[in-house]
Amino acid sequence: MKKTILILAAFFLLSNIKAQTNIDSLKLLLQKEKQDTGKVILLSGLTQAISFGNPDTAKLLAMQALTLSQRIGFKKGIATCLTDLGYPYYLEGDYPKATDLWLQALKLNEKINYKAGQARSLNAMGMINNIQGEYRPAIDYYSKAKKINEEIGNKNEIRINLENIGSCFFALKLYDSARHCAQEIYEVSGREAFLLMGNIFSAAGQNKLALEYYRLGIQSKYTTNKPFLPIAKVFENEGQLDSALLYAKRAFEVAKHANFLRGLTTSSSFLSTFYENRGNVDSAFFYLKIAKTTNDSVFSKEKINKLKSYGFDEKLRQIEMEAAQLKAEEERNHNLQYAAIAVALISFLILFFTLSRSIIVETRFIEFFGVLGLLALFEFLNLLIHPYLAHATNDSPVLMLLVLIGIGALLVPLHHRLEKWITKIMVEKNKKIRLEAA
């Protein structure tokens, strides 16, 4: 068992070295970058890289990038920086502030039609619902983000969306659906969903397999959340209490160092229960106090009310957007139908005039189809003006009836005259052609 702990610790140290190398590379590139847009992009990457470990510095970098984006009018940069700025607040438990920033980013991304930004903002909104235990709405947000990422071919973000969806299914105890997400992650990225699979095996009581997946999760750079607390739970289930305590404290220290209040709450709650079950009252009370303080800070009444307000407003906005999209789709279908009818009428008239000037049709054909063509044409014109008429009369039946009577009074005599004129001309023309042919 000591060997396993040493291996896990080595993997953790290696991942920290890789992360620091990535941060140092971004800092070096930032010093050399001359273009303002390039600086914004590098600052954004640096913000994302240090958000978990150093949220205060991440805020400063995000604000710097945001100010620069606003100065040069870089709208994609503004939206990206707003999203970046939300993550440190999210980690610190200020969910209303994070939600406000992410909603601003989502609206701007929608306005400029920045698909990658929309997907990232939607994923962030899913995180807000997820942290509140609203897993179904969270799945909806994650699924919308996944759909956009599939459209633009962003496999790495699809993997993140699937991991989040899988975590929600796991929280809902829909383990088959969670396992299906893990399979999709492998198909998309060729990488195992280590943390998700570890949780699934842990829930099934297969602790050895769960521990193996958690170990691989620490090793992999694709695992965003280090599974120290789940490892502690597995060790506790196995009765290996020293190892359980070691990893629980590790989870607590990581959350404390990153000022990740949600992680601090869960790890301190675990430690409080752990010590209480073993009769260590002082330690249990110490961690219980931390859990209660952080939980009250994260989920205060004021914050919950703000979150509910933001959530309600955003649901209304989403409903309005869906209604607008349905209306636009309906108008598009109507326009396509109008275009098809117009093409059909033109084709019919061309065919009618072509056949009327040949010897293969008789007078009765010309008379019948001449009347039919004019009838279709006038009805099509009536169909076109009807929406404008409804708008002009505010859908008043009396006004519409009066206007339609007036239009009919003008169109009926015109229709009658055109019918006689076209029929007479085309019939006479056809007779002359047939006579010449005879």
Side-chain angles (χ1 to χ4, degrees), residues 15-31 33 36-70 74-95 97-106 108-109 114-128 130-131 141-142 145 148-149 152 154-164 189 191 195 220-226 254-255 257-263:
S15 66
N16 280 349
I17 292 171
K18 288 181 178 178
Q20 187 59 47
T21 303
N22 184 44
I23 292 170
D24 292 340
S25 299
L26 287 169
K27 287 180 179 178
L28 185 61
L29 289 171
L30 185 61
Q31 290 174 359
E33 183 60 46
D36 286 337
T37 52
K39 289 180 180 179
V40 169
I41 292 168
L42 289 170
L43 282 169
S44 173
L46 192 56
T47 301
Q48 294 173 41
I50 69 170
S51 284
F52 187 81
N54 198 340
D56 290 334
T57 305
K59 286 182 194 176
L60 293 174
L61 291 173
M63 284 300 301
Q64 184 181 343
L66 179 61
T67 302
L68 181 57
S69 298
Q70 291 170 335
F74 185 25
K75 291 186 177 179
K76 286 185 179 180
I78 294 171
T80 300
C81 294
L82 285 170
T83 305
D84 292 339
L85 189 56
Y87 279 97
Y89 285 105
Y90 171 83
L91 291 170
E92 292 176 345
D94 194 347
Y95 301 134
K97 181 64 176 179
T99 303
D100 181 36
L101 291 165
W102 286 340
L103 283 175
Q104 289 182 53
L106 178 58
L108 181 55
N109 283 317
Y114 181 32
K115 293 292 186 181
Q118 285 183 49
R120 193 161 171 247
S121 298
L122 287 166
N123 186 78
M125 291 303 299
M127 291 168 57
I128 288 293
N130 193 348
I131 205 75
Y141 276 112
Y142 293 143
I148 294 174
N149 284 318
I152 61 178
N154 194 337
K155 290 186 177 181
N156 186 57
E157 290 296 320
I158 294 171
R159 178 186 58 79
I160 292 172
N161 300 147
L162 284 168
E163 283 182 351
N164 290 333
S189 63
R191 303 279 177 177
L195 182 58
S220 173
K221 65 178 180 179
Y222 294 94
T223 300
T224 53
N225 297 316
K226 302 298 186 294
V254 168
H257 174 72
N259 198 24
F260 180 31
L261 295 193
R262 182 62 177 170

Taking the side chain as everything from C-beta on, heavy atoms only, tell me whether [X] gets closer than 4.5 Å to [Y].
X	Y	answer
D100	Y89	no
W102	I128	yes
T80	Y114	yes

Stepwise side-chain contact (heavy atoms from CB on, under 4.5 Å) test for Y142 and N130: CA-CA 10 Å; Y142 293 143; N130 193 348; 3.4 Å; yes

Which residues share a side chain to side chain donor-acceptor pair (under 3.5 Å) with N109, sequence neighbours left out: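 For N109, the residues satisfying side chain to side chain donor-acceptor pair (under 3.5 Å) (neighbours in sequence not counted) are S121.
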
Counterpart residues, side chain to side chain donor-acceptor pair (under 3.5 Å), relative to T67 (two or more places apart):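 With sequence neighbours excluded, T67 shows a side chain to side chain donor-acceptor pair (under 3.5 Å) to no residue whatsoever.
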
R120 versus N123, side-chain donor and acceptor atoms under 3.5 Å: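 No, no side-chain donor-acceptor pair sits under 3.5 Å.
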
To the nearest 0.5 Å, what is the distance between [atom1] ([X]) and [atom2] ([Y])?
X	Y	atom1	atom2	answer
I152	I158	CD1	CD1	8.0 Å
I148	N161	CD1	CG	9.5 Å
S44	L85	OG	CG	11.0 Å
R159	N149	CZ	CG	11.5 Å
M63	L82	CE	CG	9.0 Å

Closest approach of [X] and [Y], non-hydrogen atoms and distance?
X	Y	answer
L103	M125	CD2-CE, 3.8 Å
A124	Y87	CB-OH, 4.1 Å
A105	T83	CB-OG1, 3.2 Å
L66	C81	N-SG, 3.6 Å
P55	P88	O-CB, 3.5 Å
E92	L261	O-CD1, 2.8 Å

Worked check of side-chain contact (heavy atoms from CB on, under 4.5 Å) between L42 and L46: CA-CA 6 Å; L42 289 170; L46 192 56; over 6 Å; no

Other residues, nucleotides, ligands: >12 heavy atoms within 6.0 Å of K59 NZ: yes

Main-chain N/O of L43 paired with T47 side-chain donor or acceptor, under 3.5 Å: yes

